[in-house]
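In what follows, chains are A, B, ... by sequence order, proteins preceding strands, each numbered from 1.
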Amino acid sequence: MTVRTRFAPSPTGYLHIGSAWSALFGWMYARKYGGQFLLRIEDTDTSRTVPGAIENMMEGLRWFGLDWDEGPDVGGPYGPYVQTERVALYQEYAYWLIGHGRAYKCFATPEELEAMRAAGVPGGYDRRYRDYPADQVADLEAQGKPYVIRFKMPLTGETAVPDLLRGNVIFPNDQFTDYVILKSNGLPTYHLAHLVDDHLMKITHVTRGVEWLNTAPIHVQMYQAFGWELPVLVHLPVILNPSGKGKLSKRHQAFMDSGEKVLVRASEFIEAGYLPEAVVNFLANIGWSFGNDREKFTIAEALPHFDLADISPAPVKLPYSKLDWLNGQYIQEMDILTLAQAVKPYLEKQGWEVNLESLLLVMPAMKPRLKTFPDAIPFLRFLFDETPPDETAVSATALSDDKLPPTAAKAAFTAARHFLATAVPFDVETLGAGLSQIGSQYTTNGKPGPFLGKLRLGITGQQVSPPVYESIIALGRDRALARLETIIALF
RNA sequence: GCCCUCAUCGUCUAGGGGACCAGGACGUAAGCCUUUCAAGCUUAAAACCGGAGUUCGAAUCUCCGUGAGGGCACCA
């Protein structure tokens, strides 16, 4: 039997990182066994459907590299893959259950339901129409009273849910009421729709969040009622908010202790400058481990080791700082041109006009300093931002100290200007030799350090920058000389 | 309130009766390197939630607590 897994989001918003994580495991399992991974849209709550959400999710999945063999856009042998296009099917199965005594029409009004809930009826419904006389049901129907279809849960006994990660989880049946499977508008609820689809689409392994574990007994009972084989159920743990309480929500923005925003949507990870390989590697380390103390790996490498049964059932907080580290590791493997092209848009977003040539010149020096692409912004302001440096930051006092008194500083900068005007070739070796010699000559301790530090400040207007020689080269001879002129004039 | 789940360093994890005075990674701290900031290298601190069992032996099995979470819709 081929493995078939699916990702079945409802199009109510954006792709959540937790959803992507769950999709990843389903995808990995299907790929490992050469099976199929499907995308199905669960849009039976039409009031919550958000335009564009499907496209957004597909885009996110593609970014992660999670491709699907069957889905709304590519079709497949068990389509359609959008639930609102399958309603006739669900209705057919709902009525089949009625015909076989496993479901019934319920005419309870919203007001009645409200009253039952207020009275504290377990499950919010007292099953008043469960055994309603057939002729009276016919009467109500003849009067055009709206109704829903409810599934008859057993009143006694217990239901065992075989969960791959937890074993059999036993639920007493009296905990449940008769759940609505077909709404009064004719659309199915999740309980009916996902189950009919999973069966018809021949899904073998269901990966979904633990929040479904509590309603899984209904599904087990329904599978039995239909006489269908239960797929392997894998309830993945919740992803917790790293700061504070509860699960990671996309509704309420959370913040790290550091004050940074907690990333939740897939699109936020993209915008924040993470590489898909890094994020996927990061997610694969959540609840599962490669083994052999290995943290960094490609998904292709992970596949042979992967098994759904090895996933830990414990809830997790995403270790965001590890993602930063991993992303940095992946950046180190990028070639300079690709890296520069990846960084460029983030610099341009600052309103800077970015010259690729200059960027390429500093990129080798920048690479080990980057964990994410936007990290380059504070380093490279001097290169692309033409607004003049803050005068209070770059002043004669800032450019001199006891190891490099003002007169010596002025002389050193003047010497540097002469040197840079003629230095050939204009490369790191030449500049390094010349400028450090000038530095040693003018500082009171005879070391180049104090001068080079001031030179960085003078040239870049920044306390922190790429290494000075590289910065000067990236700036180019003319611009560097112009800045030295400005500095010398400060004394 | 009722039902369900989970529990190893701060975090992600390895481990599944003796190989564990518990291993790795991130983060943190210190040192080296160094023109800043990083990177890199070296070192350090840091955990089996508690209590009872079972056993010659428990981080590992059982039970009870505790804590953390999830669920109780004509939402998924």
Side-chain angles (χ1 to χ4, degrees), chain A residues 8-12 42-45 47-48 83 106 108-110 113 117 120 122-125 146-150 161 163 165-166 169-172 174-177 179-191 193-194 208-217 235 237-238 240-242 245-247 257 282 285-296 312-326 328 332 365-371 375 378-379 432 435-436 439 447-457 460 462-469 471:
Chain A
S10 49
T12 54
E42 308 212 327
D43 57 348
T44 55
D45 184 357
S47 67
R48 292 206 311 155
Q83 291 187 328
C106 167
T109 62
L113 258 8
R117 263 193 292 274
Y125 176 64
Y147 61 87
V148 299
I149 295 178
R150 289 180 184 267
V161 175
D163 178 82
L165 311 182
R166 291 159 258 258
V169 182
I170 312 296
F171 294 82
D174 60 14
Q175 277 305 305
F176 302 94
T177 186
Y179 289 91
V180 174
I181 57 174
L182 198 76
K183 304 182 242 183
S184 57
N185 64 5
L187 291 173
T189 61
Y190 171 85
H191 304 305
H194 96 276
R208 54 169 24 168
V210 256
E211 58 268 27
W212 291 111
L213 186 56
N214 292 279
T215 46
H235 291 99
V238 273
L240 268 18
N241 190 327
K245 305 257 177 194
K247 59 178 172 180
D257 292 339
F282 166 72
N285 275 314
I286 305 302
W288 182 76
S289 82
F290 189 97
N292 302 116
D293 293 333
R294 182 112 179 257
E295 305 270 339
K296 182 171 173 287
S312 157
V316 290
K317 295 178 182 175
L318 293 181
Y320 287 92
S321 62
K322 204 173 209 168
L323 172 60
D324 284 339
W325 169 77
L326 255 181
Q332 300 323 304
M366 280 309 299
K367 192 155 109 166
R369 275 157 253 262
L370 299 181
K371 283 192 158 61
D375 286 350
F379 281 94
L435 291 171
S436 66
K447 291 185 175 168
F451 169 65
L452 293 171
K454 303 303 175 189
L455 183 60
R456 165 196 324 287
L457 180 61
T460 67
Q462 297 168 192
Q463 263 336 315
V464 173
S465 81
V468 249
Y469 311 141
S471 297

Contact class for A/Ser465 (heavy atom, under 4.0 Å): base, sugar-phosphate, or nothing? base
Considering Watson-Crick and G-U wobble pairs with both distances under 3.5 Å, what does B/G16 pair with? none
Watson-Crick or G-U wobble mate for B/A39, both contacts under 3.5 Å: none
Does A/Lys367 have a side-chain nitrogen or oxygen under 4.0 Å from the phosphate oxygens OP1 or OP2 of B/G40? no
Does B/A39 have OP1 or OP2 sitting under 4.0 Å from an N or O in the side chain of A/Lys371? yes
When you measure from the side chain of A/Thr177 to the backbone N and O of A/Tyr125, does any donor-acceptor pair fall under 3.5 Å? yes
Suppose we define a pair by two distances each less than 3.5 Å, Watson-Crick or G-U wobble; what does B/U28 pair with here? B/A44
Considering only atom C1', compute the distance from B/C41 to B/C33 and round it to an integer number of Å. 8 Å
Rounded to whole angstrom units, what separation is found between the OH atom of A/Tyr179 and the P atom of B/A73? 6 Å
Could you state the CH2-C1' distance from A/Trp212 to B/C3, rounded to the nearest angstrom? 17 Å
Residues A/Arg208 and A/His194: closest non-hydrogen pair is NH2-NE2, 3.2 Å
Once you apply a heavy-atom cut-off of 4.0 Å, does A/Lys447 come out as touching a base, just sugar-phosphate, or nothing? nothing
Pick the closest RNA chain B nucleotide for A/Gly124 and for A/Gln175 by heavy atoms, then say which residue is nearer the 5' end. A/Gln175
Any idea which heavy atoms bring A/Ser465 and A/Ser471 closest together, and the distance? OG-OG, 3.9 Å
Without swapping roles, check the side chain of A/Asp163 against the backbone of A/His235 for a donor-acceptor pair under 3.5 Å. yes
So A/Glu295 and A/Lys322, side-chain contact (heavy atoms from CB on, under 4.5 Å) or not? Walk me through it. CA-CA 10 Å; A/Glu295 305 270 339; A/Lys322 204 173 209 168; 3.2 Å; yes
A/Ser289 near the nucleic acid: base, sugar-phosphate alone, or nothing, with a heavy-atom cut-off under 4.0 Å? sugar-phosphate
For atom CD of A/Glu295 and atom C1' of B/G27, their distance in whole Å: 13 Å
Considering only atom P, compute the distance from B/G24 to B/G15 and round it to an integer number of Å. 15 Å
Under 3.5 Å: donor-acceptor pair, side chain of A/Asn292, backbone of A/Arg294: no
Just checking A/Ala108: base, sugar-phosphate only, or nothing, at a heavy-atom cut-off of under 4.0 Å? base
Which atom pairs link the protein and nucleotides 32-35 of chain B when you take only N or O atoms and keep those under 3.5 Å?
unit_1: B/U35; atom_1: O2; unit_2: A/Arg456; atom_2: NH2; d: 2.2

Is there a donor-acceptor pair under 3.5 Å between the side chain of A/Thr189 and the backbone N or O of A/Val180? yes
B/C6 to B/U60 separation - P atoms, rounded to the nearest Å: 15 Å
Using the P atom in both, what is the distance from B/G69 to B/U11, to the nearest Å? 13 Å
Heavy-atom nearest nucleotide on RNA chain B for A/Pro319 versus A/Leu323: which residue maps closer to 5'? A/Pro319
Taking atom P in both B/A59 and B/C9, what distance in whole Å separates the two? 15 Å
How close or far is atom C1' of B/C3 from atom CD of A/Glu211, stated in whole angstroms? 16 Å
Run the side-chain contact (heavy atoms from CB on, under 4.5 Å) test on A/Ile181 and A/Arg150 for me, step by step, so that the C-alpha distance in whole Å, both residues' side-chain angles and the decisive distance to 0.1 Å come before the verdict. CA-CA 6 Å; A/Ile181 57 174; A/Arg150 289 180 184 267; over 6 Å; no
Atom pairs, protein N/O to nucleotides 4-10 of chain B N/O, distance under 3.5 Å:
unit_1: B/U5; atom_1: O2'; unit_2: A/Arg166; atom_2: NH1; d: 3.3

Atom pair distance, as rounded to whole Å: CZ in A/Phe282 and P in B/A25: 18 Å
Taking the same atom, P, in B/G40 and in B/A45, what whole-Å distance lies between them? 22 Å
Watson-Crick or G-U wobble mate for B/G57, both contacts under 3.5 Å: none
Checking all strands, does A/Gly328 fall into the base, sugar-phosphate, or nothing category for heavy-atom contacts under 4.0 angstrom? nothing
Nucleotide paired to B/G1 in any strand shown, Watson-Crick or G-U, under 3.5 Å: B/C72
Students often get this wrong, so: under 4.0 angstrom with heavy atoms, is A/Tyr320 touching a base, only sugar-phosphate, or nothing? nothing
With P as the reference atom in both, quote the distance from B/G53 to B/A46 in angstrom, rounded to an integer. 30 Å
Complement of B/G67, any strand, by Watson-Crick or G-U distances under 3.5 angstrom: B/C6
For B/U34, which nucleotide in any strand shown is its Watson-Crick or wobble partner with both distances under 3.5 Å? none
Has the side chain of A/Lys183 got a donor or acceptor atom that lies under 3.5 Å from a matching backbone atom of A/Thr44? yes
Separation of B/G71 atom P from A/Tyr190 atom OH, nearest Å, is 13 Å
Rounded distance in Å - CG (A/Leu240) to C1' (B/C12): 13 Å
For A/Leu318 against A/Pro242, the heavy-atom pair lying closest together: O-CB, 4.4 Å
Just call it for A/Val148: base, sugar-phosphate, or nothing, with non-hydrogen atoms closer than 4.0 Å on any strand. base
Does B/A52 have a Watson-Crick or wobble mate here (both distances under 3.5 Å), and if so which one? B/U62
Do the side-chain N or O atoms of A/Arg117 get closer than 4.0 angstrom to the phosphate oxygens (OP1, OP2) of B/C74? yes
When all nucleic acid strands are considered with a 4.0 Å heavy-atom cut-off, which category describes A/Thr44: base, sugar-phosphate, or nothing? sugar-phosphate
Distance, C1' atom - from B/U43 to B/U35, rounded to whole angstrom: 26 Å
Separation of atom CZ in A/Phe290 from atom C1' in B/C12, rounded to whole Å: 17 Å
Is A/Arg48 close enough to B/A76 that one of its side-chain N or O atoms is under 4.0 Å from OP1 or OP2 there? no
